[in-house]
Amino acid sequence: REDFLAELSEFEPHLPEILDNRYRLALLDRAQAREAIVRPAALFGVEVEPALVDELVTELFEHGVDPPALQIVLDRLWQERPANEPRLTLARYHALGGARTLLVGYLRSTLSERLPHQAQVARRLLRAMVTPRGTKAVLPAERVAELAGIEPGLATELLSELTRAR
């Protein structure tokens, strides 16, 4: 992940080739997002309704489609389909509440499963990592802890657990 590249640079004097092979997974344009939805499904004999593809791309597109968000939504759709149903449908997507509901549900379940007794504190921590414009704030853990009003050691522990949950 891009946010860990700086940490790897510490090893360059000992492993000069450590950063030679990088792949940056950028936001997907509309055509790439469609392909990322349909092609893997087709490889496994899964049909994705064209109307669902259209709606997914439209809902998730914001300067591009974020691959992890697309993966989470599609995984939730797959997990919630009726048993032995090899189709992903727009009706099921609507019944589940759409992309935002699925993504919020994923975050909530991750927090409650991984940090059951500290989910509220973890939410404060995550909010501190978002700029007023809604983008990722790249800050040292100590600053995130300060913004969230959390003791730095606890913040580091929670951030480590959230990183493992990915």
Side-chain angles (χ1 to χ4, degrees), residues 1-8 19-116 119-139 141 144 147-148 158-166:
R1 291 198 3 195
E2 191 172 283
D3 42 345
F4 292 109
L5 278 177
E7 292 178 26
L8 289 175
L19 296 175
D20 287 353
N21 297 308
R22 290 177 277 181
Y23 182 79
R24 185 168 189 266
L25 184 58
L27 295 175
L28 304 174
D29 64 29
R30 291 178 191 279
Q32 291 168 325
R34 287 176 188 286
E35 191 171 326
I37 295 166
V38 176
R39 286 189 68 198
L43 285 173
F44 292 93
V46 175
E47 177 192 346
V48 184
E49 286 183 354
L52 173 59
V53 175
D54 291 342
E55 192 152 333
L56 280 171
V57 171
T58 298
E59 279 195 40
L60 292 173
F61 194 89
E62 183 180 321
H63 309 297
V65 174
D66 187 32
L70 180 61
Q71 178 182 0
I72 290 166
V73 169
L74 289 170
D75 181 65
R76 291 295 165 137
L77 278 170
W78 180 254
Q79 297 302 322
E80 296 295 330
R81 79 192 191 296
N84 300 318
E85 173 64 44
R87 293 179 63 202
L88 297 180
T89 66
L90 184 60
R92 168 71 48 204
Y93 178 71
H94 285 161
L96 294 171
R100 181 169 174 77
T101 300
L102 291 168
L103 290 168
V104 168
Y106 171 80
L107 177 60
R108 284 187 178 144
S109 68
T110 298
L111 290 176
S112 67
E113 289 168 16
R114 299 297 292 238
L115 301 164
Q120 291 297 331
V121 176
R123 282 187 188 95
R124 286 197 346 246
L125 196 63
L126 291 171
R127 281 189 206 106
M129 296 168 48
V130 178
T131 70
R133 293 178 52 196
T135 60
K136 177 173 64 174
V138 180
L139 303 167
V144 173
L147 290 170
L158 293 174
L159 288 170
S160 293
E161 185 58 34
L162 290 170
T163 300
R164 284 189 294 277
R166 287 187 265 180

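Taking CG of Leu90 as the reference point, atom CG of Asp54 lies at 9.0 Å (rounded to 0.5 Å). Interatomic distance, Arg127 CZ to Leu147 CG, rounded to the nearest 0.5 Å: 13.5 Å. The distance from the CG atom of Leu27 to the CD atom of Gln32 is 9.5 Å, given to the nearest 0.5 Å. Summarising the geometry, atom CD1 belonging to Ile37 is positioned 7.0 Å from atom CG belonging to Leu52; distances are rounded to the nearest 0.5 Å. Once rounded to the nearest 0.5 Å, the distance linking CZ of Arg108 with OG1 of Thr101 reads 9.0 Å. Taken to the nearest 0.5 Å, the CD1 atom of Ile72 stands 12.5 Å off from the CG atom of Leu77.
In this structure the side chain of Leu126 reaches within 4.5 angstrom of the side chain of Leu111, judged on heavy atoms. Val53 is not listed as a side-chain neighbour of Thr58, based on a closest heavy-atom distance of 4.5 Å or more. Annotation: side chain of Val57 is not in contact with side chain of Leu28 (no heavy-atom distance under 4.5 Å).
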**Request:** Apply salt bridge (charged side-chain N to carboxylate O under 4.0 Å, His left out) to the pair Glu85 and Arg81, showing each step before the final yes or no.
**Result:** CA-CA 7 Å; Glu85 173 64 44; Arg81 79 192 191 296; over 6 Å; no
**Message:** Evaluate Asp75 against Tyr106 for side-chain contact (heavy atoms from CB on, under 4.5 Å), listing each step before the verdict.
**Reply:** CA-CA 10 Å; Asp75 181 65; Tyr106 171 80; over 6 Å; no
**Request:** Kindly determine whether Leu74 and Leu70 satisfy side-chain contact (heavy atoms from CB on, under 4.5 Å), including the steps that lead there.
**Result:** CA-CA 6 Å; Leu74 289 170; Leu70 180 61; 3.8 Å; yes
**Request:** Check the pair Asp29 / Val65 against side-chain contact (heavy atoms from CB on, under 4.5 Å), numbers first and verdict last.
**Result:** CA-CA 6 Å; Asp29 64 29; Val65 174; over 6 Å; no
**Prompt:** Leu96 and Arg76: side-chain contact (heavy atoms from CB on, under 4.5 Å), yes or no, with the steps?
**Reply:** CA-CA 9 Å; Leu96 294 171; Arg76 291 295 165 137; 5.7 Å; no
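Both cation-pi conditions hold for Arg30 and Phe61: the charged atom is under 6.0 angstrom from the six-membered ring centre and inside a 45 degree cone around its axis.
Glu49 and Arg87 are joined by a salt bridge, as a carboxylate oxygen and a charged side-chain nitrogen come within less than 4.0 angstrom of each other.
Glu59 and Tyr93 share a side-chain donor-acceptor pair at under 3.5 Å.
Across every non-hydrogen atom of Ala69 and Leu60, the tightest pair is CB-CD2, 4.4 Å.
Distance alone, capped at 3.5 Å, places no donor-acceptor pair between the Glu161 side chain and the Leu158 backbone.
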